**Q** 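Below are the structure tokens for one structure; questions will follow.
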Amino acid sequence: MIELQGVGVTRGEREILSGIDLALAERRIGIIGRNGSGKSTLARLLNGLEAPTRGRVTLDGKAGGKALRRQVGFVFQNPDNQIVYPIVHEDLAFGLKGLRLGAEEVRARIDAVLDRFGITHLRNRLTHELSGGEKQMIALAGVMVMDPRVIVLDEPTTLLDLCNKRRFMEAIRALDQQVVMVSHDLDLLADFDRVLLVAEGGIRADGPPAAVIADYVAGAKC
């Protein structure tokens, strides 16, 4: 379980997050809030992409960025931010380099994750020639090939059309791993177990999706 204890994040003179105390145990957790509220910073804390200025983030009581990064995968809004190699199978193999696996094991893991998401046909494709939906599935596969315990996603459907959004969310719902997802698409979180509403650097509401989303919508002033 990921826990945040007295967590705060300050950049220069700006306080991004303050006084965050959370125990994230549910299988599906959503994070919502206005732009600039601190929700993406909160998401990045969960796998060590960002370090807290105050407090600590732990996984099963163990603190530190390395423990988080080994067990918590992260999917970005824009897959171009995490796809780094020109060929799909090369990109998927990149994350496995630090695990000291043999060539057969690397290939087996790549084949398994491509088959799981129904994208085996993309194995030898050039990544820059993929569609937006294909790229996001490869980004997810690149995280899953590492076999993480938790997956954090920061607005992963923002750049997707309706069909690709549905396909991506079907893949997310089928995962055994715990999922924490930031999203502006409130409908996608309706069947989650818990939703956090981030506002002005803190947790304004925390609970069942229907109640928290209603609170957010009611308080929205445009």
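Count residues from 1 along the sequence. Keep in mind the model is a prediction, meaning the values are calculated, not measured.
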**Q** Could you tell me whether the side chain of His128 reaches within less than 4.5 Å of the side chain of Asp80, counting heavy atoms only?
**A** no
**Q** Going by heavy atoms in the side chains, are Ile20 and Val9 under 4.5 Å from each other?
**A** no
**Q** So, do Val217 and Leu186 sit near enough that their side-chain heavy atoms are less than 4.5 Å apart?
**A** yes
**Q** State whether the number of non-hydrogen atoms from other residues, nucleotides or ligands found under 6.0 Å of Arg173 atom CZ is greater than 12.
**A** yes
**Q** As a quick check of understanding, evaluate side-chain contact (heavy atoms from CB on, under 4.5 Å) for Leu188 and Lys165, giving each step before the final call.
**A** CA-CA 10 Å; Leu188 298 183; Lys165 181 190 297 185; 4.1 Å; yes
**Q** Over all heavy atoms of both residues, which pair between Ala141 and Ile119 is shortest? Give the atoms and the distance, please.
**A** CB-CD1, 4.4 Å
**Q** For residues Leu59 and Arg149, determine if any side-chain heavy atom of one lies less than 4.5 Å from a side-chain heavy atom of the other.
**A** yes
**Q** Is it the case that the side chain of Gln177 and the backbone of Pro148 share a donor-acceptor pair, with hydrogens and angles ignored and the cut-off at 3.5 Å?
**A** yes
**Q** Among side-chain atoms of His184 and Asn35, is any donor-acceptor pair under 3.5 angstrom?
**A** yes
**Q** Indicate the atoms forming the closest heavy-atom contact of Val145 with Leu92, along with that distance.
**A** CG1-O, 3.7 Å
**Q** Between Ala171 and Met137, which heavy-atom pair has the shortest distance, and what is it?
**A** CB-CE, 4.1 Å
**Q** Apply side-chain contact (heavy atoms from CB on, under 4.5 Å) to residues Met181 and Ile29 and explain how you reach the verdict.
**A** CA-CA 6 Å; Met181 188 170 83; Ile29 300 172; over 6 Å; no
**Q** Whether the side chain of Lys39 engages the backbone of Gly33 through a donor-acceptor N/O pair (distance < 3.5 Å, no angle test) should be reported.
**A** yes
**Q** With a 4.5 Å cut-off on side-chain heavy-atom distances among I, L, V, M, F, W and Y, is there a chain of contacts connecting Phe76 to Leu175?
**A** no
**Q** Please check: side-chain N/O of Thr157 versus main-chain N/O of Met169, any donor-acceptor pairing under 3.5 Å?
**A** no
**Q** Enter the distance from Asp21:CG to Glu3:CD here, rounded to the nearest 0.5 Å.
**A** 10.0 Å
**Q** How about Arg56 and Gln5: does a side-chain donor come under 3.5 Å of a side-chain acceptor?
**A** yes
**Q** Please answer whether the main-chain N or O of Thr10 pairs with a side-chain N or O of Thr53 as donor and acceptor at a distance below 3.5 Å.
**A** yes
**Q** Using only heavy-atom distances, determine whether the side chains of Arg11 and Thr41 contain a donor-acceptor pair under 3.5 Å.
**A** yes
**Q** Could you tell me whether the side chain of Gln82 and the main chain of Pro79 form a donor-acceptor pair under 3.5 Å?
**A** no
**Q** Could you tell me if the side chain of Val57 sits less than 4.5 Å from the side chain of Pro52, heavy atoms only?
**A** yes
**Q** Got Leu196 and Val212 here, is their nearest side-chain heavy-atom distance under 4.5 Å?
**A** no
**Q** When hydrophobic residues are tied together by side-chain contacts of less than 4.5 Å, even through go-betweens, does Phe94 share a cluster with Val72?
**A** no
**Q** Answer with yes or no whether the hydrophobic clustering places Leu130 together with Val113; edges join I, L, V, M, F, W, Y residues whose side-chain heavy atoms lie under 4.5 Å apart.
**A** yes
**Q** Test salt bridge (Lys or Arg N to Asp or Glu O under 4.0 Å) on Glu105 and Arg109; report intermediate values, then the result.
**A** CA-CA 6 Å; Glu105 175 64 16; Arg109 284 206 186 196; 3.4 Å; yes
**Q** Do Tyr85 and Met144 sit in one hydrophobic cluster, given that two such residues count as connected whenever their side-chain heavy atoms are within less than 4.5 Å of each other, even indirectly?
**A** no
**Q** As a test of understanding, state which of Ile16, Val182, Ile203 forms a side chain to side chain contact (heavy atoms under 4.5 Å, CB included) with Leu42.
**A** Ile203
**Q** To the closest 0.5 Å, what do you measure between CD1 (Ile83) and CD (Glu134)?
**A** 10.0 Å
**Q** When rounded to the nearest 0.5 angstrom, what is the spacing between CD in Gln136 and CG in Leu160?
**A** 5.5 Å
**Q** What distance do Leu46 atom CG and Ile31 atom CD1 have between them, rounded to the nearest 0.5 Å?
**A** 6.0 Å
**Q** Would you call Asp111 and Arg123 a salt bridge, taking side-chain N to carboxylate O under 4.0 Å as the test?
**A** yes
**Q** Answer yes or no: is there a donor N or O on one side and an acceptor on the other, between the side chain of Ser183 and the main chain of Asp185, under 3.5 Å?
**A** yes
**Q** If you take all heavy atoms of Ala25 and Arg194, which pair is closest and at what distance?
**A** N-NH1, 4.3 Å
**Q** Has Glu104 got more than 12 heavy atoms of other residues, nucleotides or ligands less than 6.0 Å from its CD?
**A** no
**Q** For side-chain contact (heavy atoms from CB on, under 4.5 Å), just list the numbers for Ile2 and Val150, CA-CA rounded to whole Å, side-chain angles, deciding distance to a tenth of an Å, and then say yes or no.
**A** CA-CA 9 Å; Ile2 299 176; Val150 183; 4.2 Å; yes
**Q** Side-chain heavy atoms under 4.5 angstrom apart, residues restricted to Ile, Leu, Val, Met, Phe, Trp, Tyr: same cluster for Leu4 and Val179?
**A** no
**Q** Under the 3.5 angstrom rule, does the side chain of Asn47 hit a backbone N or O of Arg69 as a donor-acceptor pair?
**A** no
**Q** If you measure from CZ on Phe117 to CD1 on Ile138, what distance do you get to the nearest 0.5 Å?
**A** 9.5 Å
**Q** Take Arg27 and Gln178, measure what side-chain contact (heavy atoms from CB on, under 4.5 Å) needs, and give me the verdict at the end.
**A** CA-CA 5 Å; Arg27 185 166 176 266; Gln178 182 186 34; 5.5 Å; no
**Q** CZ of Phe74 to CG of Asp154: how many Å apart, nearest 0.5 Å?
**A** 4.5 Å
**Q** Considering only NZ, NE, NH1 and NH2 on the basic side and carboxylate oxygens on the acidic side, decide whether Arg44 and Glu50 come within less than 4.0 Å.
**A** no
**Q** Can you tell me which residue among Val143, Val180, Ile172 is in a side chain to side chain contact (heavy atoms under 4.5 Å, CB included) with Leu153?
**A** Ile172
**Q** Salt bridge between Glu15 and Arg54, side-chain N to carboxylate O under 4.0 Å?
**A** yes
**Q** Do any N or O atoms from the side chain of Asp91 and from the backbone of Val84 form a donor-acceptor pair under 3.5 angstrom?
**A** yes
**Q** Which heavy atom of Leu68 sits nearest a heavy atom of Leu45, and at what distance?
**A** CD1-O, 3.7 Å
**Q** Check whether any side-chain heavy atom of Lys135 lies under 4.5 Å from a side-chain heavy atom of Val88, and answer yes or no.
**A** no
**Q** For residues Asn81 and Asn78, is any side-chain donor paired with an opposing acceptor at under 3.5 Å?
**A** no
**Q** Please report the shortest heavy-atom distance between Arg167 and Gly118, naming the atom on each side.
**A** NH2-O, 3.6 Å
**Q** With a 4.5 Å heavy-atom cut-off, do Arg34 and Tyr216 have their side chains touching?
**A** yes
